[in-house]
Amino acid sequence: RHTAAGASRLEVSSLVELQSSGRSVKVVQSVLGTDERLTWRPELLAQADFGFEGPVVDVDAAKVDQEILGFGGAFTEAAAVTFNKLTPQLQEIFIEQYFGASGLGYSMGRVHINSCDFSVQSYTFDDVQDDFALEHFDYNLTHDKKALIPLIQRAKRKVEETVTDTPVRVSASAVAGRWERLKAFVGIDGPGTVALRSTAGKFLSTEADGSIKANNLKAVSSTFFKMLENQDGTVSLQGANGKYLVASPQGLVRADGGAAAAAGARFARVENSDGTISLKCESGKFVSTEPTQQLRLLASPWSPPAWMKTSGKMDGSGQPCLRGQAQPSWAAYISKWIASYGKAGLPIWGLTVQNEPSNNAGWEACTLTPQEEAAFLGSHLGPKVKAEHPEVAIFVFDDSKHMLPDYVDQAMSKPEVAKYVQGAAFHWYSGDFFDKVSWVHQQHPDIMLLPSEATYERRMWKKGMLETYSDWRFGEGYAHDIIGDLNSGAIGWMDWNLLLEKEGGPNHVGNVCDAPVVADCKEQVLDVHPQYYFIGHFSKFFTPGSKHIRTTVKSDGTFKASKPPGPYGTCTGEQGLEATSALRPDGQIATVVLNCAAEDIEFKLKIGGDAVRVSAPARSITTFVAPDASIAAAAAPPPQPL
């Protein structure tokens, strides 16, 4: 809890520095009934694997899957107006604890196009009836500049403060976007050498440890590469250390190849229309200079202006939602909104076609069947957005998981639509349905799967509660969902409102919810709820650019996921231990183990050939950070928890 005076009522942990021989495993823990909240515990000394009677959490770093882009929450107008009611000191505490290096390290944020239920009132940026040419569109975004845009700008600045240099990696998708474009300059040794400058204006450099980073504002000796043409038409690049650039299966680009013929050392040189080049790896993906720590903004529309809809109202939806002649106008409106946010210094990373297209809600809504969404995307939204904002990733669905395959399959089965799809977003309100997420990941491995909304509505609170409150179950439910989603192919996880008032709003239709951080604006106090700490066990240690790796919990128990009709966000002792792992860009392995049972559970954590014996306290979550000797990367100290 933080007060107006800035004094923290939270226990702030410090890093426990213990000397140990061999490979050690760092431990961070949060436990119900104790003061432990993201607290460092004594290190564990790993030893050669041993026999064990009981549950085993088995981490296989060789089984690498999707890249994890980050974690975040929603910049709603409710969060912004609440933020504006705080003292400057509390505002800075709030920004730091979410987006700063000492906080959760959030790198993603969701923002609504036009109003949503968590707005003070309904609004749009063009209310002129039948303005299909959008002559009256408010490019200044006057309404959002009152509170919402300034909050996002502060968060973006805080995120960018943590960036020092950018490791060059393999892109998450097979599309050459903004960060996959390089400006090539002839090097000092003539046409055979090049200097490569990133979109951010920094030159790629060969570091002493063989890593490639975009970190130089000027071309110096370490930034020059020999570009050799291979007989098959590809090119190979030799770094300043004499080694060849190699795209590893782990997604890193390093100068440690012994020959131009080394696996991963051949790149297709793609000439772009803007004079830049892109280097296509043997995997079909591209060399990327995208900063691992940036604020990725996902935009979602709740409702078009009322005059575009068959119902003539923003709240709720007619069938169909959009007037026929309004479809190209709505696509153009969204594209103008993206451009306007970009001019405000807030580039949009991703766009969902429609928030909850299956939900005819009592607030801003626009229902679209799978067929209608695919048709609108293929005929209007996709062509317009990709022509004017090719760097923006488009996500279909953005609704509860149980219908995820229906919407994805409808879009991906039509080539004229599929070419515009980079991902699918989904919510948690219908229950776990991790099998639906996993099925889509298996059927469409090249699209990004992003959990884009989760919260506890009032109907999930304890009976009789009229204001938000601290409930450990809510943190456990978040962690249960994050683990299940990551293990099913998700690229991260996004919460709903970053901040609300203690009553669970403001919400202009009374659809109040909880949030990880809640403000008592009268007393000038920020209350931090358990969800905050549980998210931190992932967001602080599964750093952007990490790769999900296979983790198996082997025990006599069985995993009992919730089934329809719910309830969402439920974790009980029946499920046993739950775990997920990631291989971080620094070469370390982070594993999260969740125990929702009422008793301690002894288990073995096995990572490769090493193992440790561990006890998971009752109602606890633990993050383990261990080195991986098989990865040729310098081990960096872990981030500091709160």
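Centroid-to-centroid, the aromatic rings of F426 and F397 stay 6.0 Å apart or farther. For F542 and W493, the distance between ring centers is not under 6.0 angstrom.
With 3.5 Å as the limit, one finds no donor-acceptor pair spanning the side chains of D60 and T552.
Listed by chain and number, the residues in a side-chain contact (heavy atoms from CB on, under 4.5 Å) with E271 are R269, I277 (sequence neighbours excluded). Evaluation of the side-chain contact (heavy atoms from CB on, under 4.5 Å) rule for E388 yields S335, K384 as partners, not counting sequence neighbours.
Taking the six-membered ring for Trp and thresholds of 30 and 60 degrees, F75 and F99 have nearly parallel ring planes, at less than 30 degrees apart. Ring orientation note: the planes of F534 and H537 are tilted relative to one another, at an angle of 30° to 60°.
Other residues, nucleotides and ligands contribute more than 12 heavy atoms inside 6.0 Å of the CZ atom of R154.
A donor-acceptor contact shorter than 3.5 Å is absent between the side chain of S581 and the backbone of V59. Q153 places a side-chain N or O within 3.5 Å of a backbone atom of A344 that can act as its donor or acceptor partner.
The two residues A590 and R584 have their closest heavy-atom pair at CB-CD, 4.0 Å.
Between E161 and R157 no salt bridge is recorded (no basic side-chain N to carboxylate O distance below 4.0 Å).
Both tests do not hold together for K218 against F203: distance to the six-membered ring centre under 6.0 Å, angle to the ring axis within 45°.
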